[in-house]
Amino acid sequence: MEEPVRVRATEVTIDGPITVRDLAERMGLSGTELIKSLIRLGIVANLNQVLDPESARVAVTEMGVKVHEVERAEGQGAARPEDRIEDEEGAVPRPPVVTVMGHVDHGKTSLLDAIRQTNVTAGEAGGITQHIGASTVDWQGKRIVFLDTPGHEAFTAMRARGARVTDIAVLVVAADDGVMPQTIEAINHARAAKVPIIVALNKIDKPNALPDRVKKQLQEHGLTPEEWGGETIVVPVSAKERTGINDLLDIIILVAEMGELKANPDRRARGIIIETRLDKGLGPVASVLVQSGTLRIGDPFVAGTAFGRVRAMVDDKGNRVEEAGPSTPVEVVGFDELPEAGDLFQGLADDKMAREIASQRDLKKREQELGTRATATLADFLSHIREGEKRQLNLVLKADVQGSLEALKQSFEKLEEPEVGIDIIHTGVGGVTESDVNLAKASEAMIIAFNVTPDASARQAAEREKVEIRTYRVIYEAIGDVKAAIKGLRAPTFREVVQGHAEVRELFRIPKVGTIAGCYVTDGKITRRSRIRVVRDGIIVQDTSIASLKHFKDDVREIAAGFECGIGLENFQDIKEGDVLEAFTVEEVRP
Ligand code: GDP
């Protein structure tokens with residue numbers, strides 16, 4: 001089991017690039033403790049290594065420690081604490097993000113439509129808009145971002161998840177209906193978030209509109225109109241007749257300027273997921289509201305338990321864009337899975353870190369969902385079925401190529417039976433890693449490795465956590481085993497027992513004999529009768545047996561860890577330096 005991180009500080013300040021040593025000191029940890037924790041997050045660093053602020057921030061947050069944002073002097077209300085960030089020097093004004101709230105049927109949707117229309121007539125593009133969860137409106141040379149989902153429910157759902165998206169709330173109140181229950185809720189929600197409120201007094205065109213009555217109601221709820229000596233700006237509008245819209249936009253710009261909204265575009269992007277969808281062709285796609293920094297094509301990122309690399313971006317007008325700065329909504333292609341609306345989006349320095357952080361989070365989430373229970377082995381599973389306890393076989397599939405994964409997945413899914421389900425909780429291309437083992441552990445899954453092997457740390461973790469990893473080279477054998485498990489039949493099976501590993505360090509081409517690999521046995525042993533798998537970057541490139549095994553000039557029957565040897569392989573000359581030879585035997589397992 002992972003030992004908990006013993007962090008003594010509950011909050012640290014990160015005000016720029018920081019060395020591992022300094023960060024450890026600020027966190028009240030020893031250097032070694034921090035290095036260990038960083039390794040778990042996929043960051044391999046030594047004491048003197050400098051971490052960029054984003055990486056440090058994410059790492060610290062992952063360890064459950066709050067990052068203290070250095071605040072500047074209080075602004076005029078609208079700016080949120082996280083905008084008053086450390087790199088004040090590089091901060092430049094950014095457009096406000098606005099949410100429209102109000103009671104049902106008071107005209108929120110109509111108002112948003114009217115606002116977008118304003119821009120179409122004034123703007124360049126032909127009015128073709130792409131629904132990406134937010135719309136940008138250019139007004140008097142300034143930009144305003146409107147969230148497309150009106151109402152305080154979405155707003156608060158995001159807030160509940162720690163996401164703060166909105167700078168300004170436009171409260172729509174129908175002049176013929178007045179303050180209603182949801183109007184009051186909206187007021188309270190906006191207040192709780194300390195977001196300034198602008199009232200749009202809508203349906204002013206209606207003959208039965210009673211603006212003064214509404215203003216009085218607003219005053220009763222603490223929103224005293226300016227003209228009555230208060231601080232609330234009330235703008236009479238008609239979404240239907242498109243009157244007063246310009247005034248409303250002017251006021252939004254004014255309030256935004258008073259709020260001194262700023263963000264630094266010259267850093268890695270940070271933002272919020274505002275919408276997600278699964279596209280048939282593009283896969284998981286999510287709209288991101290970039291809040292600070294700049295997101296560019298090719299940037300690695302993590303968002304909740306999802307991660308990826310920006311493959312393409314589309315703005316709200318349907319244009320492909322290369323980069324997105326602060327307060328820009330963009331739809332991003334390149335997620336490995338769908339994130340959730342409200343998830344924090346963070347651009348990172350490298351893919352590996354994004355992947356590791358996402359998998360750590362995923363693991364944590366699963367652990368929370370499942371509690372930590374014992375892990376299934378095929379044998380356990382069989383006995384459980386017999387006792388009628390368990391009805392689900394959880395699998396983690398790893399393979400060398402996407403095609404094999406798909407084939408395995410489809411074949412396994414066909415094996416499902418009414419009483420026994422198969423849940424493929426994770427699939428991935430590449431060798432089995434420690435995080436796969438952790439995932440399997442947390443979700444009581446078995447790992448099926450097709451044409452790939454576990455790396456050293458995964459092997460150790462699997463042994464420690466008693467997670468079963470089954471390696472296959474032939475699809476129908478994998479299917480056969482899983483089928484047997486499902487059926488509760490314990491077919492006589494053969495099991496591979498790994499004996500040891502050797503690293504290829506040098507190659508010798510010997511005429512008439514072929515290639516001899518100069519190897520160093522790193523663990524276990526290698527025997528003359530071992531079967532050998534040649535593993536290159538975690539992928540099995542050949543499965544064969546030993547043709548010759550020598551220690552210096554002598555033929556030997558076996559070589560132990562820590563010794564060098566020369567190995568010739570049967571029918572395989574294409575060995576490369578750095579290949580790992582995995583020695584194993586095949587044993588029959590009797591029920
Ligand atoms: P929402 O539920 O707040 O999004 O309200 P909608 O935008 O769907 O509007 C509800 C109804 O009010 C619709 O029938 C609109 O046509 C009508 N409506 C919206 N704005 C106005 C307005 O300014 N004047 C009039 N007369 N009707 C409006």
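Just the heavy atoms: all of them, side chains too, but no hydrogens, waters or symmetry mates, feed the values below. Counting starts at 1 for both ligands and their atoms, in listed order.
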Subject >> Those protein residues which place at least one heavy atom below 4.0 Å from ligand 1 >> reply: His103, Val104, Asp105, His106, Gly107, Lys108, Thr109, Ser110, Asn202, Lys203, Asp205, Lys206, Ser238, Ala239, Lys240
Original post:
Does a side chain donor of either Ser292 or Asn264 reach within less than 3.5 Å of an acceptor in the other side chain?
Top reply: no
Original post:
Do Thr136 and Asp315 get their side chains close enough for a donor-acceptor pair, meaning under 3.5 Å?
Top reply: no
**OP:** Verify the ring-centre separation between Phe301 and Phe345: is it less than 6.0 angstrom?
**Re:** yes
**OP:** Determine which pairs satisfy salt bridge (Lys or Arg N to Asp or Glu O under 4.0 Å) with at least one residue from residues 318-335, sequence neighbours left out, and list them in order.
**Re:** Arg277-Glu331, Arg296-Glu323
Subject >> Listed once per pair and sorted, the salt bridge (Lys or Arg N to Asp or Glu O under 4.0 Å) pairs that draw on residues 98-107, sequence neighbours left out >> reply: none
Original post:
Could you give all pairs that pass the ring-ring contact (aromatic ring centres under 6.0 Å, His included) test and reach residues 221-247, with sequence neighbours left out?
Top reply: none
